[in-house]
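The next block holds one structure in the form of structure tokens; read it before the comments.
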Amino acid sequence: MPELPEVETTRRGIAPHVLNQTIKKVIVRNPRLRWPITNNLAVILHKQKIKKITRRGKYLLLHCDKGFLIIHLGMSGKLSIVENKLMARKHDHCELIFSHGKILRFNDPRRFGAILWTEAHPHQHPLLKNLGVEPLLKNFHKNYLYQQIQNKNVTIKQLIMDGKIVVGVGNIYASEALFLAKILPTRAAQTLSLQECDRLVAAIKKVLTRAIKAGGTTLKDFLQANGKPGYFSQKLLVYQREATPCLDCGNPIQNIKLAQRATYYCFSCQK
DNA sequence: ACATTGACCTGGGAGC
DNA sequence: TGCTCCCAGGTCAATG
């Protein structure tokens, strides 16, 4: 489900409700996520305050008094703020109950998500330490991408989805960015020119920024922390638009599989 | 070092 | 209605 814009939307949605709040109680109904939730999470988090919430790629980092809670939403994870005593529904695996009464609830049908505790700096955590650059920062630029594609024979779509190179670009935004940059997703990464890298970097920054502004993309079940869908779905140019007219040239949008993932593009606009 | 594939899960929709 | 099959926003681990 969630790519960088959806995770960032979630971060912004929950922050006002949990910042500077103290955890009163923790409920773990099912610890079996991608990695098990540590069995002493409730003891660890008791009376800790959330000082800050940051994001690294698709990971949310809750800075607590004594360490960090690392949360990944996987494919179907959602965080929401529960204001009243709403009954827990199916797949509500974990919740943090704060002393002011609000609840941060983690729901994840497929359980590909993760909730991990670490006392070391999270950027040193094994899952985070080898991550590539943040796409919206200045160190993601044409020369960096051009350097990274050298001798890489994977397709350019696979390469921009590789978190060791650049974080946060998932299956939706990879197709969208390549359309904006007028580059075929099937091109071998190493065949891109510096100029094409320039266009692609700009396109990735543009599509991610726009998607954050729209509150992310809801295909079927992504919801913001306030329960509303993300509105970027309405602005998708190629994703899930198979056989409909390209919005630039009118030719039908193509849908192929690349590395087992649905990939959408315009055969006429993209070279 | 690089590239490919399977694996982890549940739920929804299509087709019969 | 019910069964089977395929698909889904991620990414790690194993293999060649």
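Any value given below was found using the heavy atoms of this structure, including those in side chains, with hydrogens, waters and symmetry copies removed. Residue numbers begin at 1 in each chain, while the letters A, B, ... track the order of the sequences.
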Between B:dG11 and C:dC12, how far is it from one P atom to the other, in whole Å?
25 Å
Heavy-atom closest pair, residues A:Arg111 and A:His93
CG-NE2, 3.4 Å
For C:dG10, does OP1 or OP2 lie under 4.0 Å from any side-chain N or O of A:Tyr59?
no
Take atom NZ in A:Lys49; do more than 12 heavy atoms of anything else shown fall under 6.0 Å from it?
no
Quick one: A:Glu3 CD to C:dT11 P, roughly how many Å, whole number?
9 Å
With a 4.0 Å limit, can you tell me whether A:Arg261 has a side-chain N or O closer than that to the phosphate oxygens OP1/OP2 of C:dG9?
yes
Taking the six-membered ring for Trp, are A:His121 and A:Phe68 ring centroids under 6.0 Å apart?
yes
Given C:dT11, is OP1 or OP2 found less than 4.0 Å from the side-chain N or O atoms of A:His72?
yes
Taking the P atom in each of B:dT5 and C:dC7, what is the distance between them to the nearest angstrom?
16 Å
In whole angstrom, what separates A:Met75's CE from C:dC12's P?
14 Å
Evaluate the side chain to side chain donor-acceptor pair (under 3.5 Å) criterion for residues A:Gln190 and A:Asn153: first the C-alpha distance (whole Å), next the side-chain angles of each, then the deciding distance (0.1 Å), finally the verdict.
CA-CA 6 Å; A:Gln190 59 193 345; A:Asn153 206 29; 3.0 Å; yes
For a quick check of understanding: with a heavy-atom distance under 4.0 Å over all strands, which category does A:Lys257 fall into, base, sugar-phosphate or nothing?
sugar-phosphate
Taking any heavy-atom pair under 4.0 Å as a contact, classify A:Phe232: base, sugar-phosphate, or nothing.
nothing
Nucleotides 6-14 of chain B: protein proximity per nucleotide (B base, S sugar-phosphate only, - neither; heavy atom, under 4.0 Å):
--BBBSS--
For A:Asp108, report the nucleic acid contact type (base, sugar-phosphate, nothing); a contact means any heavy atom under 4.0 Å.
nothing
Any strand counts, and the cut-off is 3.5 Å on both contacts for Watson-Crick or G-U wobble. Which nucleotide pairs with C:dG9?
none
Testing the basics here: between A:Ala174 and A:Met161, what is the closest heavy-atom pair and its distance to 0.1 Å?
CB-CG, 3.7 Å
By the Watson-Crick or G-U definition, both distances under 3.5 Å, B:dC9 is matched with none
At under 4.0 Å, does any side-chain N or O of A:Lys152 touch on OP1 or OP2 of B:dA3?
no
Interatomic distance, A:Glu176 CD vs C:dG9 P [rounded to whole Å]:
13 Å
Check each of A:Arg187, A:Lys142, A:Lys271 against A:Glu196 using the side-chain hydrogen bond (donor to acceptor under 3.5 Å, both in side chains) test, and report the only one that passes.
A:Arg187
Nearest-Å distance, CD (A:Gln158) to C1' (B:dT4)?
9 Å
Whole-Å distance, A:Asn130 CG to C:dT11 P, equals 14 Å
Heavy atoms under 4.0 Å, any strand shown: does A:Ala259 hit a base, just sugar-phosphate, or nothing?
nothing
Phosphate-side-chain proximity, A:Asn153 and B:dA3, N/O vs OP1/OP2 below 4.0 Å:
no
With a 6.0 Å cut-off (strictly less than), is the heavy-atom count around CD of A:Gln150, excluding the residue itself, greater than 12?
yes
Take the protein atom OH of A:Tyr264 and the nucleotide atom P of C:dC7, then report the distance between them rounded to whole Å.
11 Å
Between C:dC12 atom P and A:Ile70 atom CD1, what is the distance in whole Å?
12 Å
Rounded interatomic separation in angstrom, taking CD1 from A:Ile160 and P from C:dT11:
14 Å
Indicate the atoms forming the closest heavy-atom contact of A:Ile50 with A:Cys64, along with that distance.
CD1-SG, 4.1 Å
